[in-house]
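All remarks here apply to the structure that follows.
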Amino acid sequence: MRMPSAEELKQATKSTCKRPMPSQNPEERVHHFTEVALGYTEEDALLEAARCLGCKTEECRQGCPVDIAIPDFIKKIKTGNYVGAALKIKETSSLPAICGRVCPQESQCEKYCVRGKKGEPVGIGRLERFVADYERAQGTVKVPEIAPANGIKVAIIGSGPAGLTCAGELAKMGYSVTIFEALHVAGGVLMYGIPEFRLPKDIVQADIGYVRQLGVDIQTNVVIGRTMKVDELMEQGYQAIFIGTGAGLPNFMGIPGENLNGVYSANEFLTRVNLMKGYRFPEYLTPIRIGKRVAILGAGNVAMDSARCAKRLGAEEVYIVYRRSEKEMPARAEEVEHAHEEGILFHLLTQPVEIKGDQENWVKELVCVKCELGEPDASGRRSPINIAGSEYSLPVETVVVAIGQSPNPLIQTTTQGLKTGRHGTIDANSDGQTSRIGIFAGGDIVTGAATVILAMGAGRKAAAAMDKYLKS
Amino acid sequence: MYQILKKQELIPDLMILFEVQAPLVAASCQAGQFVMLRKDEIGERIPLTIADFDRGHGTITVIFQVVGKSTQLMAKLNEGDYFLDFAGPLGQPSHIEKFGRVIMVGGGVGVAPIHPIAREMKLAGNEVISILGARSHDLLILENEMEKVSSEIIVTTDDGSYGRQGFVTEVLKELMTERGGIDLVVAIGPMVMMQAVCDVTKEVGIPTVVSLNPIMVDGTGMCGACRVEVGTDTKFACVDGPEFDGHKVNWTLARQRALMFTEEEKRAMFEHHNEGSGCRCGCHQQKN
Ligand SMILES: Cc1cc2nc3c(=O)[nH]c(=O)nc-3n(C[C@H](O)[C@H](O)[C@H](O)COP(=O)(O)OP(=O)(O)OC[C@H]3O[C@@H](n4cnc5c(N)ncnc54)[C@H](O)[C@@H]3O)c2cc1C
Ligand SMILES: Cc1cc2nc3c(=O)[nH]c(=O)nc-3n(C[C@H](O)[C@H](O)[C@H](O)COP(=O)(O)OP(=O)(O)OC[C@H]3O[C@@H](n4cnc5c(N)ncnc54)[C@H](O)[C@@H]3O)c2cc1C
Ligand code: SF4
Ligand code: SF4
Ligand code: FES
């Protein structure tokens, strides 16, 4: 392994650019599902860490939802103490290998980094990923000290980042923790949504393995609300319950033709591809069908993931169809950049209005109308206005609707006295306390579709509040 | 892991009954609901209606017809083997109350899901007349079981090899004219049959419930693969159904959506993959 010289390190401190992430080249990577970003080498990590000024004011920390001691962990990298750096991060975050890969850093920690004022910010996420991967590769991941068992049973519903984090924290405090998960594997969106080429599943499984090592029992194939109700869990002696069931209900646009053959919700498309490994059909038995031309409606992370999966499944042309401009796209900057590199075509300021089919009910074309941006709406984003007479049609065989997800309603409709918000979310305060005593909630089910790190942070806070509740 | 306690080949290699150890499902299931199961790591999630359950022993009975790759592989499992995954109960239970005179129409493997509903209907005090349809005598299942839970049963076969010759709809029409007073029809079977039944009952306005079996992935409301049009609404069959008002179902769409993966299903049947995974084309033998 090449190590940087003292001179190179000195030069690096002056660099206004982030050290680039070693990545597979686009022409090659669109043919398979292996991870695109290869991760920093030790040399890269040392050179990037050298750019950190170790600011006393710790500006970067304000941008991190779980308040990771960023300057401290980077300082440990500088001294070559990578495992120490990983442990530092783990004081407040339980999933660094995952967050280092999928956090929207540009709008969180890196947005506040002082180096970002002149040039690019420090690559905090990339460094976080490096130390987490380093620790795992060394096999040095150790189970922390666990408080003696206190015999108190708690139940966690859903095994996404919110549920996993909450479970892990409570297990460390000595509680007897059971996770109930509706699907056949744990991990939530990390397993069924985000594709392998962006977040390898063995990394997710390693983190889930860690939660199991802490003593958490994970029961898959249990759909709470159907197999058992929340109140039955209470009757079975679970003294507190955390609901982390996420936002898994696919939204459709409500335009004509959405039920034609060849139209998928992003959830169906990604679940077939990722969770069921449809990209390895027929070795794996769940099929996925893709046309030569594919239109993805929407421009968030879910849309970018769908587009890049479609390309890898062999689609010749993949379009992102989005009614606002590039600036308003909600996806992480890196995903958009990767999509561009992979040849995804962007139809921006374009509103889909109808999907037309052939005689056998298969998608044939997407009818669109051009838009311009008007005044900012309540969310501060400029709202699109259709331009009269600008209708045109895009020939496609597959359409993936990726315009967002709503909270899963099953628990809310089968649990008495649980207050819900306007969009089907469960009402909870900042500690995760819901309207029912002993029942807590956090993650996408409370906030609506958000981010991994926010879900994780909510799980952590709720664990602390549950501990307080159970001890009082 | 969910162990198979009993296997019965109702029709060898074609219609298989499994009794599976699944105490949590057995504790809470009701007639009309279904399970999602997966044979092994490479398997699909397959929806099957709960054909029977035993809360005391914690078991669920499923009955399925071999139609494609997954069901073919499942048919090879034996007593003592396991399903890797078995989740449920899913979907809405059947709506059971005292309607009066109820006609249950079961076609082919559809007799299996009809059975527990007929039993509950009878227990609720209804007169239950069951019409069972099969292509021929050797494809008829659960005749004795249906007899026990019905006030009366009538069997039809397409080829006349047993019972009456003809389609279930002919018997239904007769009952409508000769006896009248029919308060509800429940029809489960191939889509063409359910649609034909609805055509017959719609004219005279007899409420008709059908159980739809669209393609599903998760079975919990997360993917929308199972969407069907009922009246002017799009519904997810796995959470809003699987039972719907048959008079409102958009059958054309439902039939076309069932064909979404026909080509892939054929590929799955004929392309061999892992060793020993049941390729029937004979290519393995030739190589050796
Ligand atoms: C395709 C895609 C890409 C994304 N990309 C990013 C990204 O790059 N960066 C980022 O920060 N965020 C991203 N997100 C968002 C992020 O994944 C979510 O915000 C996060 O996973 C929410 O975590 P959660 O624990 O609240 O819920 P989820 O991860 O949704 O987990 C909920 C779990 O609960 C289970 N469940 C639901 N109902 C029940 C029930 N009744 N009984 C038992 N179990 C139940 C579900 O099966 C699921 O496993 C992405 C989301 C998607 C869909
Ligand atoms: C709620 C529900 C209850 C059902 N109950 C029963 C039952 O009790 N007994 C029974 O024999 N069958 C039942 N089915 C149908 C059964 O799930 C399919 O026959 C099975 O999935 C076919 O798998 P395959 O790989 O063997 O066949 P394939 O070759 O994949 O397909 C053959 C046929 O099955 C349909 N099909 C394929 N995949 C699925 C899927 N994932 N979900 C639904 N249909 C699919 C296809 O449209 C096609 O017509 C039910 C379906 C649903 C939705
Ligand atoms: S968890 Fe996310 S926001 Fe926090 S430091 Fe890591 S990458 Fe930045
Ligand atoms: S703000 Fe930037 S430079 Fe300063 S400590 Fe944080 S990461 Fe380092
Ligand atoms: S099967 Fe996925 S929503 Fe019904």
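Here is the naming used below: chain letters follow the sequence lines, and residue numbers restart at 1 for every chain.
Note on ring orientation: taking the six-membered ring where Trp is involved, the planes of Phe180(A) and Tyr238(A) are perpendicular (angle over 60°, cut-offs 30° and 60°).
When Val62(B), Val109(B), Ile63(B) are each tested for a side chain to side chain contact (heavy atoms under 4.5 Å, CB included) with Leu48(B), only one passes: Val62(B). Here the options are Lys364(A), Arg289(A), Arg293(A), Lys356(A), the test is salt bridge (charged side-chain N to carboxylate O under 4.0 Å, His left out), and the partner is Glu397(A); only Arg293(A) passes.
With a 4.5 Å cut-off on non-hydrogen atoms, Leu275(A) does not touch chain B at all. Using a 4.5 Å cut-off between heavy atoms, Glu232(A) makes no contact with chain B at all. Using a 4.5 Å cut-off between heavy atoms, Glu263(B) contacts chain A through both its backbone and its side chain. Contacts of Arg227(B) with chain A are made by side-chain atoms alone, with heavy-atom separations under 4.5 Å and no backbone atom involved. In this structure, chain A has a heavy atom under 4.5 Å from the side chain of Ile215(B), while its backbone stays farther away. Proximity to chain A is limited to the backbone of Leu84(B), based on heavy atoms less than 4.5 angstrom apart. Heavy-atom distances place the backbone of Phe86(B), and not its side chain, under 4.5 Å from chain A.
Interface summary for chain B: among Ile288(A), Val185(A), Thr220(A), the most heavy-atom pairs under 4.5 angstrom belong to Ile288(A). The most heavy-atom pairs under 4.5 Å with chain B, out of Gly248(A), Gly278(A), Gly262(A), come from Gly248(A). Considering only heavy-atom pairs separated by less than 4.5 Å from chain A, the leading option among Thr234(B), Asp218(B), Val35(B) is Thr234(B). Contact count versus chain A (heavy atoms, under 4.5 Å) is highest, among Pro89(B), Gly43(B), Gly224(B), for Pro89(B). For the options Val25(B), Leu253(B), Thr220(B), heavy-atom pairs under 4.5 Å to chain A are most numerous at Leu253(B).
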Applying side-chain contact (heavy atoms from CB on, under 4.5 Å), run through Val222(A) and Glu181(A) and close with a yes or a no.
CA-CA 5 Å; Val222(A) 182; Glu181(A) 166 58 49; over 6 Å; no
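Using a 4.0 Å cut-off between charged nitrogen and carboxylate oxygen, Asp240(B) and Lys235(B) do not count as a salt-bridge pair.
The cationic atom of Lys7(B) (NZ for Lys, CZ for Arg) does not lie both less than 6.0 Å from the six-membered ring centre of Phe18(B) and within 45° of the ring axis.
The closest donor-acceptor contact from the side chain of Arg255(B) to the backbone of Met191(B) lies at 3.5 Å or more, if one exists at all. In this structure a side-chain-to-backbone donor-acceptor pair under 3.5 Å is missing from Ser211(B) to Ile188(B).
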